[in-house]
Amino acid sequence: MPPSIQDSFPSTPGKVKMERSNYFCRAALRWQSTATARLFIFSALLLTVTVFIWFRVTTHEVGHGYNRGEIFSTSNGGTIQPPAFKSDYLWEKQVRQSCNPTREDGLIVLVTGAAGFVGSHVSLALKKRGDGLVGVDNFNDYYEVSLKRGRQDMLVKHGIFVVDQDINNAALWTTLFDLVQFTHVMHLAAQAGVRYAMQNPASYVNSNIAGLVTLFEACKNANPQPSIVWASSSSVYGLNSKVPFSESDRTDQPASLYAATKKAGEEIAHTYNHIYGLSITGLRFFTVYGPWGRPDMAYFSFTRDILRGKPINIYQGQNNKDLARDFTYIDDIVNGCVASLDTAGRSTGSGGKKKGVAMLRIFNLGNTSPVTVPTLVDILESHLGVKAKRTFIKMPRNGDVPFTHANVSLAQTQLGYKPTTDLDKGLKNFVDWYLTYYDVQKATTTTL
Ligand SMILES: O=C(O)[C@H]1O[C@H](OP(=O)(O)OP(=O)(O)OC[C@H]2O[C@@H](n3ccc(=O)[nH]c3=O)[C@H](O)[C@@H]2O)[C@H](O)[C@@H](O)[C@@H]1O
């Protein structure tokens, strides 16, 4: 075999070892023979240790730059530096104070999306009964930031501290979990909205998948591990036609990317439960509405447009069939969330290792009585005292589903969940809040 071809074949392990060891032995003997060589080796070692310590301090303790397990991207899908995070004495004091329960055996809860609609209501309910909690929210501008700040003001008045950070910030989690032994995590931060997913798909992947994994990673590493309750969505039932929707029904035909990311979250939850022993409860919310709600949702934007005299688009399905939703009032959802926290089993792992089987649950939290969109508008008209300008249009093909209807018997049995607020009463509460919050004079000029 010509030498050139032989060189391209791998050498036998023994041959390589022999040659290398002889070479290194001879080299080492030469180096060791001088004091300069010893000094050189010592300096190189010192430099390596210094660089290693510097790297750990800058990326983990101080929190600038990338962190292990950190997944962060811009809305257009490119990667950017995650937000810098550095705790100081005052910040740590605020977190500790906020997390201090005022009742015996009170829970200590990390609430993500605390300045959001459901997050702010759940946070208040927990604080009012004496649990300790700290909120996290990135205050993004998906809808009016002033409303989120308004919710935050309400929380601050009740002694709840909200950290202004993104859930993809692994450095934040490292610091928070080092500082506080959370018994529970209530994960409500998400990119919500069904139709916006076609405009900004990356934001759904970033929050609902990457953010979820970043948080689960932190929970898995925590010692003790917290129990987790998180928000899935009724949209996972997608195009199912069997009603009412039960937890055991298929969820493999999502109609929107939003629904697909929530479904992915449920699968990711299964993995973290299976490998790391995290106790995880997923809640499928059904079109939640109420005071301090989300302006991107139909009941809210309809109210705004009706009061401004602007026409509203009412979508219709095949053969002009009205769309229907199992609209669920916020107080009922809060009860379901709190009951989920109270009944959550402990996570079994520690230091990232599973020690036994942990609880994995999924519940529907709905109202069990679907109402059509035109009926929703009828009710709004009656509470606003203003007639809507209705435009009926074919449901755009942007991820919507024709109807939702929850079977809540599982939640009833295991959580004691029982929705008590009907749409008329719930929308009355919403309209009262809306008129006060936006300082709107109730219209009296238009007769219905
Ligand atoms: O329960 C859920 O899983 C989901 O509920 C809502 O999604 P959706 O039910 O579509 O709520 P809205 O956007 O308020 O729409 C309610 C109904 O009004 C209809 N609609 C909406 C907007 C519009 O301009 N016109 C109109 O007729 C929709 O087609 C739908 O039938 C939330 O936006 C999601 O974040 C949540 O996960």
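For the single chain, residues carry numbers from 1 onward in sequence order. Everything numeric in this text was worked out from a predicted model, so none of it was measured.
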Take His383 and Asp432, measure what side chain to side chain donor-acceptor pair (under 3.5 Å) needs, and give me the verdict at the end.
CA-CA 9 Å; His383 294 309; Asp432 287 348; over 6 Å; no

Check [X] against [Y] and note the closest heavy-atom contact, atom names and distance.
X      : Y      : value
Ile312 : Ala388 : CD1-CB, 4.1 Å
Val111 : Ser123 : CG1-OG, 3.6 Å
Ala171 : Thr175 : O-OG1, 2.9 Å
Ile167 : Ala189 : CG2-CB, 3.9 Å
Gly290 : Ile330 : CA-CG2, 4.1 Å
Ala255 : Val401 : CB-CG1, 3.8 Å

For [X], enumerate each residue passing the salt bridge (Lys or Arg N to Asp or Glu O under 4.0 Å) test, keeping only those at least two apart in sequence or located in another chain.
X      : answer
Arg361 : none
Arg304 : Glu144
Asp249 : Lys242
Glu266 : Arg284

Show me the donor-acceptor pairs within less than 3.5 Å that the side chains of residues 352-359 make with the rest of the protein, sequence neighbours left out.
from   : atom 1 : to     : atom 2 : distance (Å)
Lys354 : NZ     : His274 : O      : 2.7
Lys355 : NZ     : Ser350 : OG     : 2.5

[X] side chain to [Y] backbone, donor-acceptor under 3.5 Å:
X      : Y      : result
Asn319 : Lys321 : no
Thr328 : Phe286 : yes
Gln225 : Tyr276 : yes
Asp137 : Ala115 : yes
Ser347 : Gly349 : no
His405 : Ser369 : no
Thr404 : Asp326 : yes

Going by the angle between their ring planes, with limits at 30° and 60°, are Tyr272 and Phe216 parallel, tilted or perpendicular?
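Plane angle between 30° and 60°, so tilted.
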
Under the rule for side chain to side chain contact (heavy atoms under 4.5 Å, CB included), what residues qualify as partners of [X], not counting sequence neighbours?
X      : value
Phe403 : Val243, Phe245, Ala324
Asn208 : Ala190, Gln191, Tyr204, Tyr258, Thr261, Lys262
Pro402 : Leu323

Kindly list each side-chain donor-acceptor pair under 3.5 angstrom involving residues 179-186, sequence neighbours excluded, with atom names and distances?
from   : atom 1 : to     : atom 2 : distance (Å)
Thr183 : OG1    : Ile108 : N      : 2.9
Thr183 : OG1    : Ile108 : O      : 3.1
His184 : NE2    : Leu341 : O      : 3.1

Please report the C-alpha distance between Arg390 and Asp378 in whole Å, then the side-chain angles of each, then the deciding distance to 0.1 Å, and finally whether the salt bridge (charged side-chain N to carboxylate O under 4.0 Å, His left out) criterion is met.
CA-CA 11 Å; Arg390 305 178 188 217; Asp378 292 344; 2.6 Å; yes

How far apart are the C-alpha atoms of Val156 and Phe161, what are their side-chain angles, what is the distance that settles it, and do they pass the side chain to side chain contact (heavy atoms under 4.5 Å, CB included) test?
CA-CA 6 Å; Val156 168; Phe161 182 54; over 6 Å; no

Name of the residue among Phe430, Phe117, Tyr289, Tyr143 meeting ring pair (Phe, Tyr, Trp, His ring centres under 6.0 Å) with Phe300:
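Exactly one option meets the ring pair (Phe, Tyr, Trp, His ring centres under 6.0 Å) with Phe300, and it is Phe430.
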
Can you list everything that forms a ring-ring contact (aromatic ring centres under 6.0 Å, His included) with Phe327? Sequence neighbours excluded, please.
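Here no residue qualifies.
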
Do other residues, nucleotides or ligands put more than 12 heavy atoms under 6.0 Å from the [atom1] atom of [X]?
X      : atom1 : result
Arg103 : CZ    : yes
Asp105 : CG    : no
Glu267 : CD    : yes

For a side chain to side chain contact (heavy atoms under 4.5 Å, CB included) check, start with the C-alpha distance between Leu147 and Trp292, then their side-chain angles and the critical distance, and finish with the verdict.
CA-CA 8 Å; Leu147 183 58; Trp292 293 97; 3.8 Å; yes

Would you check, one step at a time, whether the test side chain to side chain donor-acceptor pair (under 3.5 Å) holds for Lys148 with Asn140?
CA-CA 9 Å; Lys148 299 180 180 186; Asn140 70 31; 2.8 Å; yes

Check whether the side chains of [X] and [Y] place a donor and an acceptor atom closer than 3.5 Å, and report yes or no.
X      : Y      : result
Asn429 : Tyr329 : yes
Gln253 : Asn240 : yes
Asn364 : Tyr237 : yes

Test salt bridge (charged side-chain N to carboxylate O under 4.0 Å, His left out) on Asp131 and Arg129; report intermediate values, then the result.
CA-CA 6 Å; Asp131 295 324; Arg129 69 176 203 165; 2.7 Å; yes

Rounded at 0.5 Å granularity, tell me how far CZ in Arg250 sits from CG in Asp252.
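Spacing of CZ (Arg250) from CG (Asp252) equals 4.0 Å.
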
Just do the side chain to side chain contact (heavy atoms under 4.5 Å, CB included) check on Leu133 and Lys127 with the steps written out, would you?
CA-CA 7 Å; Leu133 67 131; Lys127 196 71 182 180; 4.0 Å; yes

May I ask you to check whether Phe363 and Tyr417 place their ring centres under 6.0 Å from each other?
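No, they do not, as the ring centres are separated by 6.0 Å or more.
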
Would Arg325 and Asp400 count as a salt bridge (charged side-chain N to carboxylate O under 4.0 Å, His left out) if you check the C-alpha gap in whole Å, the side-chain angles of each, and the deciding distance to 0.1 Å?
CA-CA 11 Å; Arg325 287 291 182 274; Asp400 236 323; 2.7 Å; yes

Sequence neighbours excluded, every pair satisfying side chain to side chain donor-acceptor pair (under 3.5 Å) that has a member inside residues 109-122
Thr112-His187

Could you go through the side chain to side chain contact (heavy atoms under 4.5 Å, CB included) check for Ser279 and Arg346 one step at a time?
CA-CA 6 Å; Ser279 160; Arg346 281 173 194 266; over 6 Å; no

Could you check whether any side-chain heavy atom of Val134 comes within less than 4.5 Å of a side-chain heavy atom of Leu110, counting everything from C-beta outward?
yes

Donor-acceptor list for residues 331-340 side chains, cut-off 3.5 Å, not counting sequence neighbours:
from   : atom 1 : to     : atom 2 : distance (Å)
Asp332 : OD1    : Thr420 : N      : 3.0
Asp332 : OD1    : Thr420 : OG1    : 3.3
Asp332 : OD2    : Thr420 : N      : 3.2
Asp332 : OD2    : Thr421 : N      : 3.2
Asn335 : ND2    : Asp331 : O      : 3.4
Ser340 : OG     : Gly336 : O      : 2.7

